[in-house]
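In what follows, a structure is listed as structure tokens, so that the remarks can point back to it.
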Amino acid sequence: MRAPLMPTDDATRDEPLAEGARSDGLDVAAIEAKWRAAWDEARCFESRVEPGRPKYYVLEMFPYPSGRIHMGHVRNYAMGDVIARYKRARGFNVLHPMGWDAFGLPAENAAAERGIHPAAWTRDNIAAMQAQLKSMGLSLDWTREFATCEPEYYRHQQRLFLDMLAAGLVHRRASMVNWDPVDHTVLANEQVVDGKGWRSGAPVERRELLQWAFRISEMAEELLEAIDGLERWPDKVRAMQRNWIGRSAGASIRFELSAAAPDGAGEIEVYTTRPDTIFGASFIALSVDHPLIRSLEGGNPALAAFTAECRSAGTSEAAIEQGEKKGFATGLSVKHPFVPGLSLPVYAANFVLMEYGTGAIFGCPAHDQRDLDFARKHALPVLPVVLPEGADAASFAVGDEAYVGPGRLFRSDFLDGFEVETGKAEVIRRLEETGRGEGRVTYRLRDWGVSRQRYWGCPIPVVHCEECGAVPVPTSELPVTLPEDVTFDAPGNPLDRHPTWKHVPCPACGKPAVRETDTMDTFADSSWYFARFTAPDCAEPTDADAVDYWMNVDQYIGGVEHAILHLLYSRFWARAMKITGWLPAKAVEPFDALFTQGMVCHETYRAGGRWLAPEEIERGAGGAVTERATGAPVEVGPSVKMSKSKRNVVDPEAIIARYGADTARWFMLSDSPPDRDVEWTVSGVEGAYRFLRRIWRLTESAADTLPPAGAAPGALSDAAMELRRATHKAISEVTGDIESFSFNRAVARLYELANAISRAPSPEGDAGAGFALREALEAFARLAAPFVPHLSEEIWARLGCEGLLAETAWPEADATLLVRDRVVLPVQVNGKRRGEIEVSVDAPKDEIEALALADGAVLRALAGAVPKRIVVVPGRIVNVVV
RNA sequence: GCGGGCGUGGCGGAAUGGUAGACGCGGGGGUCUCAAACACCCCUUCCGCAAGGAGUGCCGGUUCGAGUCCGGCCGCCCGCACCA
């Protein structure tokens with residue numbers, strides 16, 4: 001199907017394109033290197049505080065140094081670069097930095113597997129990825145580059161930690177964790193698969209450990225309310241953050257135990273969002289981790305067996321989803337707060353979470369599905385107390401489905417007749433009156449546990465002393481640096497088993513003590529890097545003048561996978577840094593605008609159950625796809641996110657080597673709206689490459705015949721005017737499209753401008769045509785510069801223009817060229833398009849009506865009918881209504 | 001279950017309530033060439049020779065006019081979730 005010289009699906013091979021493809025004299029690799037050197041030389045992209053000059057801070061989420069950039073990076077950074085170059089051309093003092101989110105587990109895994117030190121592995125990766133990013137021609141201020149794994153960065157993070165500790169924003173508390181007994185480490189929920197550690201395969205234990213935690217839950221309400229002000233964030237992300245914080249209003253109710261529990265407890269406090277259904281309560285259920293249950297376990301082996309079983313069950317979603325509602329009757333009972341003589345049995349239940357509310361609920365089976373399932377299983381009463389509109393009070397019953405809708409309360413004593421919402425208020429009022437409970441707001445958001453039993457993270461700057469407790473390391477002794485001499489041949493935390501590092505005198509009393517050997521969650525590193533970029537060499541965490549000038553980030557761009565944790569943590573840190581004096585009040589919401597880009601997808605290929613990479617397949621005549629090496633038929637699967645496991649990845653380095661960075665950038669931005677997924681295709685890349693060469697040929701063929709830049713000669717031909725109008729339309733539209741993040745539309749507008757240039761009259765012997773063509777080509781270069789900066793510079797230079805395009809102002813559209821003096825108006829009859837008329841743009845209505853009614857096609861459609869009304873929308877449309 | 005989003009040609013996608021399908025990909029035809037490649041030109045929603053008709057997931061509604069707004073369905077994608 002394809003001729004041999006056409007690059008096909010093996011486009012990821014490194015060979016540059018055949019000579020024939022470059023017969024136009026465009027040596028992509030050479031010009032790209034040349035212009036990058038020119039920008040470096042001119043230091044175009046370095047920025048500094050310039051009081052009084054408007055600034056623009058554009059930031060893309062910084063990468064983890066995995067070793068190679070992937071297409072997701074290309075997309076992310078191409079978008080950010082469009083914004084940065086555009087804003088710079090608009091006269092802003094642009095801050096566009098890059099750095100490395102360099103702590104994390106993969107470095108330790110590499111160390112364990114290959115015997116490389118995590119620091120060496122990370123630094124090598126940074127060097128490799130930095131070279132790759134530089135090859136993209138991004139307008140980054142590399143003088144601000146830093147890696148979070150270097151003491152020059154994390155010393156300040158330790159300082160911030162200590163300030164937060166002093167301000168009460170960090171505390172040490174016991175918390176339940178997933179503990180891998182083989183690897184001797186805490187696992188995140190995502191690292192627990194089917195109840196087993198993802199690496200060790202060992203059954204995970206739930207353990208209580210002392211862990212450092214940021215008190216983010218104290219800020220739940222503020223973090224929630226401030227979401228309303230994030231007007232330039234995607235609704236989706238705002239909704240996700242709201243859900244994550246998970247505010248719910250309800251009541252806590254204290255139920256008096258009929259007989260005191262073994263631990264002396266006299267009551268059980270439950271949390272509910274449906275206090276109005278209190279008269280439908282038929283049982284109490286406690287989490288198996290509830291202190292009362294724990295106190296009962298000792299004297300009740302059957303209960304202990306039950307709780308042990310529940311705790312060993314996986315905490316994964318799937319396990320919970322399939323798990324049935326299990327309960328164990330404790331034999332205890334409580335008194336109903338409003339019904340004298342009524343007692344409710346107390347269960348331990350697997351579906352009650354200790355982490356939410358009070359770890360105890362009252363069950364109202366008629367109006368909660370889980371409670372109903374539980375009640376049916378344990379033969380507990382189901383008492384409807386909410387009567388749906390129109391239902392009969394005497395016969396209304398609940399079967400297998402709980403009634404959770406609105407209605408009026410009944411069989412509820414003093415609540416009878418109340419609506420659900422007013423009933424809630426009334427019962428809360430009564431609870432508060434009798435001292436049996438009160439209204440209470442609960443959040444799903446929990447404190448952020450940051451202790452990690454890892455080596456490759458920021459050391460927590462605390463020393464544990466038997467006498468003094470947890471003692472902060474004095475700021476004068478920062479940084480607490482990671483020891484270099486560590487081994488990864490044994491499970492557990494190398495810091496913990498290091499022979500000397502952790503043994504230090506107590507900073508307070510001087511007696512022998514031990515360092516905290518846990519390191520911080522790497523999310524901490526990325527929670528304030530945006531502030532550090534404003535003054536990366538400052539001796540303190542931030543510089544007041546720099547953060548005052550540069551903050552906030554005007555435009556933040558990254559993947560939606562960070563919609564919750566990273567962004568929420570950053571919002572928390574910004575507030576904490578304001579409290580501790582490291583950020584101004586205006587920066588508590590550090591990201592003014594957020595854009596979340598879609599993923600990069602590619603078709604998938606399988607042969608005989610094996611995944612094949614794109615370069616391993618071949619397309620034959622008739623579209624048949626086969627494996628290149630074996631000729632085996634290949635099954636082509638749907639386009640999904642590029643991933644190593646499905647092998648549907650295309651390496652940006654290979655693409656850049658073959659086509660150049662401009663082609664990669666252009667295609668990445670051309671096809672799909674930036675917030676949607678984009679499918680990477682060879683034909684699309686080919687198309688992008690063809691187009692860039694075409695515009696170069698247009699430049700090349702015209703350049704020597706163009707008049708020098710200057711004022712427009714007196715009269716222009718119609719064709720020249722047509723080109724001028726196309727040029728200024730493109731300027732106007734591309735500008736709007738970049739402002740609205742519609743890069744795919746901007747690209748389409750540039751194709752249109754190129755098409756107009758193709759149709760342009762010859763400049764030879766026609767000064768007006770020459771003027772229009774020069775204007776069009778210069779405009780193309782300037783408008784395309786944010787997308788394809790190297791080629792644009794080359795065109796700019798070829799046209800003999802002064803200076804670097806990277807330092808040239810954005811073009812302005814001439815408004816007089818955007819309006820035409822004559823327009824074609826479609827004419828509808830009853831809303832159906834029947835004909836069109838050409839009128840002068842300011843033609844009076846009656847003239848337009850007369851012309852419309854005289855149009856042949858319109859007359860035919862009217863078929864003699866008399867118009868009842870004629871709607872004329874000036875410059876738009878005419879509609880004849882009969 | 002809750003929340004968010006999306007349904008438009010063969011494909012990616014355009015379209016302030018105003019000519020649906022811009023622009024690109026793919027496809028077809030042609031020019032150039034000994035022949036290719038490269039490039040350039042024309043065509044390309046569907047039905048129809050044409051005139052014309054139909055058409056933006058489905059059903060209704062508002063409007064002179066609906067892909068767009070409203071109501072109700074259907075389907076797909078993403079996030080969260082024994083959250084009391």
Side-chain angles (χ1 to χ4, degrees), chain A residues 3-6 18-24 234-240 242-244 246 248 250 270-275 277 285 287 317 319-325 349-353 355-364 368-371 373-374 404 442-444 560-561 563-564 598-599 623 639 667 670-673 675-679 681-688 690-691 693-694 697 733 742 744-752 754-755 758 824-836 860 867-873 875-882:
Chain A
L5 278 179
M6 277 280 285
E19 198 59 38
R22 290 197 265 113
S23 57
D24 43 38
D235 287 343
K236 175 186 180 154
V237 174
R238 300 204 299 173
M240 284 164 77
R242 284 195 191 97
N243 289 344
W244 191 261
S248 73
V270 308
Y271 176 72
T272 181
T273 54
R274 291 299 301 276
T277 62
S287 163
E317 275 178 39
I320 287 165
E321 197 64 38
Q322 289 150 16
E324 53 181 325
K325 314 264 173 298
N350 66 340
F351 65 92
V352 180
L353 305 174
E355 295 82 7
Y356 188 78
T358 59
I361 63 161
F362 81 75
C364 176
D368 181 281
Q369 192 59 46
R370 278 163 317 177
D371 295 351
D373 295 345
F374 190 82
V404 296
T442 296
Y443 300 90
R444 208 189 71 104
V560 73
E561 66 272 20
I564 298 176
M599 297 180 300
S639 185
F667 173 61
S670 67
D671 251 23
S672 296
D675 55 344
R676 270 196 238 172
D677 291 352
V678 65
E679 185 183 359
T681 62
V682 173
S683 54
V685 180
E686 298 283 339
R690 264 201 310 272
F691 173 73
R693 287 203 333 268
R694 179 173 153 228
R697 279 195 310 275
E733 290 181 337
S742 302
N744 57 320
R745 291 202 309 197
V747 165
R749 301 290 86 87
L750 287 167
Y751 270 104
E752 283 176 340
N755 291 340
S758 293
V824 173
L825 292 186
V827 182
Q828 297 180 329
V829 176
N830 283 344
K832 271 193 174 307
R833 184 185 167 282
R834 295 295 179 182
E836 56 186 34
R860 242 177 292 135
K868 271 192 250 170
R869 181 180 165 194
I870 303 179
V871 180
V872 176
V873 184
R876 275 290 182 194
I877 204 165
V878 180
N879 192 9
V880 181
V881 186
V882 293

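First the proteins, then the strands, lettered A, B, ... as listed; each starts at 1.
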Nearest to the side chain of [X] - [options]?
X       : options                : value
E752(A) : C80(B), A22(B), G13(B) : A22(B)
I877(A) : U19(B), A14(B), C25(B) : U19(B)
D671(A) : G24(B), G13(B), A84(B) : G24(B)
Y356(A) : A84(B), C80(B), G26(B) : A84(B)
R876(A) : A39(B), G18(B), A84(B) : G18(B)
T272(A) : A84(B), C82(B), G26(B) : A84(B)

Steps toward side chain to side chain donor-acceptor pair (under 3.5 Å) verdict (R694(A), N755(A)): CA-CA 10 Å; R694(A) 179 173 153 228; N755(A) 291 340; 2.8 Å; yes
Whole angstrom is fine here: how far is it from [atom1] in [X] over to [atom2] in [N]?
X       : N      : atom1 : atom2 : result
D675(A) : C6(B)  : CG    : P     : 9 Å
F667(A) : C11(B) : CZ    : P     : 17 Å
R697(A) : C41(B) : CZ    : P     : 10 Å
F351(A) : C83(B) : CZ    : C1'   : 12 Å
D677(A) : C76(B) : CG    : C1'   : 13 Å
D235(A) : C78(B) : CG    : P     : 20 Å

For [X] against [Y], the heavy-atom pair lying closest together:
X       : Y       : result
F667(A) : V685(A) : CD2-CG2, 3.7 Å
G684(A) : T681(A) : N-OG1, 3.0 Å
V404(A) : R274(A) : O-NH1, 4.3 Å
S287(A) : V352(A) : CB-O, 3.3 Å

With a non-hydrogen cut-off below 4.0 angstrom, is [X] in contact with a base, only sugar-phosphate, or nothing?
X       : value
G684(A) : nothing
R749(A) : base
R242(A) : nothing
S248(A) : sugar-phosphate
D373(A) : nothing
Y271(A) : base
S670(A) : nothing
K868(A) : nothing
V878(A) : nothing
P234(A) : nothing

Given the [atom1] atoms of [N] and [M], what is the spacing between them in whole Å?
N      : M      : atom1 : answer
G24(B) : C42(B) : P     : 12 Å
G13(B) : A22(B) : C1'   : 10 Å
U68(B) : G18(B) : C1'   : 11 Å
C59(B) : C49(B) : P     : 28 Å
U8(B)  : G4(B)  : P     : 22 Å
G10(B) : C6(B)  : P     : 23 Å
G61(B) : G53(B) : P     : 23 Å
A81(B) : G71(B) : P     : 30 Å

Please check the phosphate of [N] (OP1 and OP2 only) for any side-chain N or O of [X] closer than 4.0 Å.
X       : N      : result
R274(A) : A84(B) : no
R676(A) : G12(B) : no
N744(A) : A14(B) : yes
R690(A) : G26(B) : yes
R860(A) : A51(B) : no
R694(A) : C40(B) : yes

Look through every strand shown and name the nucleotide pairing with [N] as Watson-Crick or G-U wobble, where both distances are under 3.5 Å.
N      : value
G52(B) : C47(B)
C40(B) : G30(B)
G65(B) : none
C6(B)  : G75(B)
C82(B) : none
G21(B) : none

Atom [atom1] in [X], atom [atom2] in [Y]: separation rounded to 0.5 Å?
X       : Y       : atom1 : atom2 : answer
E752(A) : E733(A) : CD    : CD    : 7.0 Å
Y356(A) : Y271(A) : OH    : OH    : 5.0 Å
S758(A) : R697(A) : OG    : CZ    : 9.0 Å
M240(A) : R238(A) : CE    : CZ    : 14.0 Å

So, does [X] use its side chain to make a donor-acceptor pair with the main chain of [Y] at under 3.5 Å?
X       : Y       : result
N744(A) : S670(A) : no
D371(A) : C364(A) : yes
R444(A) : W244(A) : yes

B/S/- contact track for nucleotides 56-64 of chain B, protein heavy atom under 4.0 Å: --------B
Hey, does V880(A) have a side-chain heavy atom less than 4.5 Å from the side chain of N830(A)? no
Counterpart residues, side chain to side chain donor-acceptor pair (under 3.5 Å), relative to R370(A) (two or more places apart): D368(A)
G17(B) glycosidic torsion: syn (within 90° of 0) vs anti: anti
Confirm from the modelled atom types if R834(A) and U19(B) form a donor-acceptor pair under 3.5 Å, side chain to base only.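 By the distance-only test, no, there is no pair.
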If you find the nucleotide of RNA chain B closest to S758(A) and the one closest to A688(A), which residue's nucleotide is nearer the 5' end?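 Mapping each residue to its closest nucleotide by heavy atoms, the 5'-most match is A688(A).
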Could you list, one pair per line, each protein nitrogen or oxygen that sits under 3.5 Å from a nitrogen or oxygen of nucleotides 1-3 of chain B, together with the distance?
none

